[in-house]
Amino acid sequence: MPDPHVSGLSVPELLELDRRHVWHPYGPMPGRQEPLVVESASGVRLRLAGTGTELIDGMSSWWSAIHGYNHPALNEAARDQLGRMSHVMFGGLTHEPAVRLAKRLVDMSPEGLEHVFLADSGSVSVEVAVKMCLQHWRSLGRPGKQRLLTWRGGYHGDTWQPMSVCDPEGGMHELWQGVLQRQVFADPPPVAYEESYADQLRELIERHADELAAVIVEPVVQGAGGMRFHSPAYLRVLREACDAHDVLLVFDEIATGFGRTGTLFAAEHAAVTPDVMCVGKALTGGYMTMAATLCTARVADGISRGEVPVLAHGPTFMGNPLAAAVACASIDLLLGQDWQTEVKRVETGLREGLAPAAELPGVRDVRVLGAIGVVQLDHEIDMAAATRAAVREGVWLRPFRDLVYTMPPYVTGDVDLARITAAVCAAAREG
Ligand SMILES: *Cc1c(COP(=O)(O)O)cnc(C)c1O
């Protein structure tokens, strides 16, 4: 075997070293399922090493690569920024990419969100959101308000605070029951508006008001917790109940932000402004890791009036200029085009292409919203078989639990979309 420090590993050598040394998401060590080796990616295609096979990406790299790969405008922004500086610390220093990005986020997000904390990943942005809320109440002399309320079926990331508000059953964090902070859970939100469910939300918020710092939810679409949709009207119920009982409202828009559900942010479906909002995933168009926590003047003011009038959080790579420059370019690219029409076009393609899945044996539900298409089975999927079926159709998908879904780049053309939906159907049939 050649020196692994030298490039030019063969695919089998690479896979063997990967299996022996590299953790993959939610994976055992050594790895059991052999990953595919990607050599490059361009447009909506991933090019595999060795064979030169190309797969259409139905996942947008976990929902982030909304403009596709190797995009000239994003490459240019990265190259340009690289020539100036890839990073400088954010303590005591600032720079144009971070300032421009913060201004763009404030301008495009729901009215009232004014302050931006640039974090290094979605999970960290949720940690920051929770810290903001707890500290807000602590500063106002109400340190007892430190629990969170959410509804079941959610996903908010893999670090400790986010894990504590992920779905406590069947989710990825079941293992940590008893270790995690015990939060207040409502039932999963029904698809359609039900007054009785709204009453449950109101009742729980009122009952726990003295100990609740915040309600945190994914608005309109619950992503990794089960790819479920719910009526935006529940967001207004939460807003009213939170206001009535001195509880802050946090929207985790990490999956739904930047147009994925057909509006720029899912909060717009209900015309609700949260007190705190997290964005991530598509923020940099899938180029590199960055997330942000936005808050209102009221939240910031609460913190700043406290005994410790600062937000005690400051990651080493906070505000990374390279990521911020690409994020600005990605937002400009999105807003500079008729993105609503593009997302509508993807929605139509998904609806048409996934309709036949409803007739397949073992399929419980088919649902589409914006550029999100989901086929839910009545059984746990055979992930390896389903993935193989999709790859055979020339498409990359990552089915999980009882779900085969796609969240393709918005730039996916109609012919490629049809191939993605055919692959979802094939994966549902064979998984
Ligand atoms: C992906 C995701 C997160 C976590 O983001 P990371 O960047 O993976 O830490 C949090 N909340 C939601 C809704 C997500 O989809």
Side-chain angles (χ1 to χ4, degrees), residues 23-27 59-66 109 117-133 148 150-168 171-173 176 180 183 188-189 214-230 235 238 249-261 263-267 269 274 276-294 313 315 317-318 320 323-324 326-327 330 369-372 374 398 400-401 403 405-408:
W23 287 109
H24 281 268
Y26 311 107
M59 298 298 296
S60 304
S61 281
W62 270 334
W63 331 340
S64 61
I66 55 176
S109 61
F117 188 102
L118 295 170
D120 20 19
S121 75
S123 300
V124 171
S125 77
V126 173
E127 296 279 359
V128 170
V130 173
K131 191 184 269 191
M132 281 178 176
C133 294
L148 304 171
T150 187
W151 44 40
R152 289 172 189 267
Y155 176 78
H156 296 282
D158 295 337
T159 59
W160 291 97
Q161 284 288 353
M163 266 205 285
S164 75
V165 279
C166 287
D167 190 11
M172 292 179 254
H173 306 305
W176 296 110
L180 293 171
Q183 313 292 17
V215 170
I216 177 169
V217 295
E218 293 159 280
V220 184
V221 176
Q222 293 181 298
M227 307 302 295
R228 276 186 293 253
F229 310 153
H230 55 258
L235 305 175
L238 290 176
L249 180 59
V250 182
F251 283 171
D252 177 348
E253 293 248 15
I254 292 168
T256 48
F258 306 102
R260 183 57 70 177
T261 69
T263 54
L264 214 37
F265 296 98
H269 290 287
V276 179
M277 184 171 102
C278 298
V279 297
K281 289 204 160 88
L283 174 60
T284 65
Y287 264 51
M288 54 201 99
T289 180
M290 180 174 258
T293 312
L294 284 76
H313 210 99
F317 287 98
M318 183 167 177
N320 177 254
V326 175
S330 176
L369 178 69
I372 308 170
V374 184
R398 184 85 175 147
F400 72 108
R401 279 158 59 177
L403 301 162
Y405 74 97
T406 176
M407 290 176 66

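Note that ligands are numbered from 1 as they come in the structure, with each ligand's atoms numbered from 1 the same way. What you see below is based on every heavy atom in this structure, not just the backbone, and it leaves out hydrogens, waters and symmetry mates.
Listed by chain and number, the residues in a side chain to side chain donor-acceptor pair (under 3.5 Å) with Gln161 amount to none (sequence neighbours excluded). For the side chain to side chain contact (heavy atoms under 4.5 Å, CB included) test, residues two or more places apart in sequence or in another chain that qualify with Ala323 are Thr284, Met288, Met290, Asn320. Residues meeting the ring pair (Phe, Tyr, Trp, His ring centres under 6.0 Å) test with His24, sequence neighbours left out: none.
Between the NZ atom of Lys281 and the CD1 atom of Ile66 there is a distance of 13.5 Å, given to the nearest 0.5 Å. A distance of 8.0 Å separates CD in Gln222 from CG in Asp167, rounded to the nearest 0.5 Å.
The immediate protein surroundings of ligand 1, defined as residues with any heavy atom under 4.0 Å of it, consist of Trp63, Ser121, Gly122, Ser123, Tyr155, His156, Gly157, Glu218, Asp252, Ile254, Ala255, Lys281.
When the shell of 6.0 Å around CZ of Arg398 is examined, it contains 12 or fewer heavy atoms from other residues, nucleotides or ligands.
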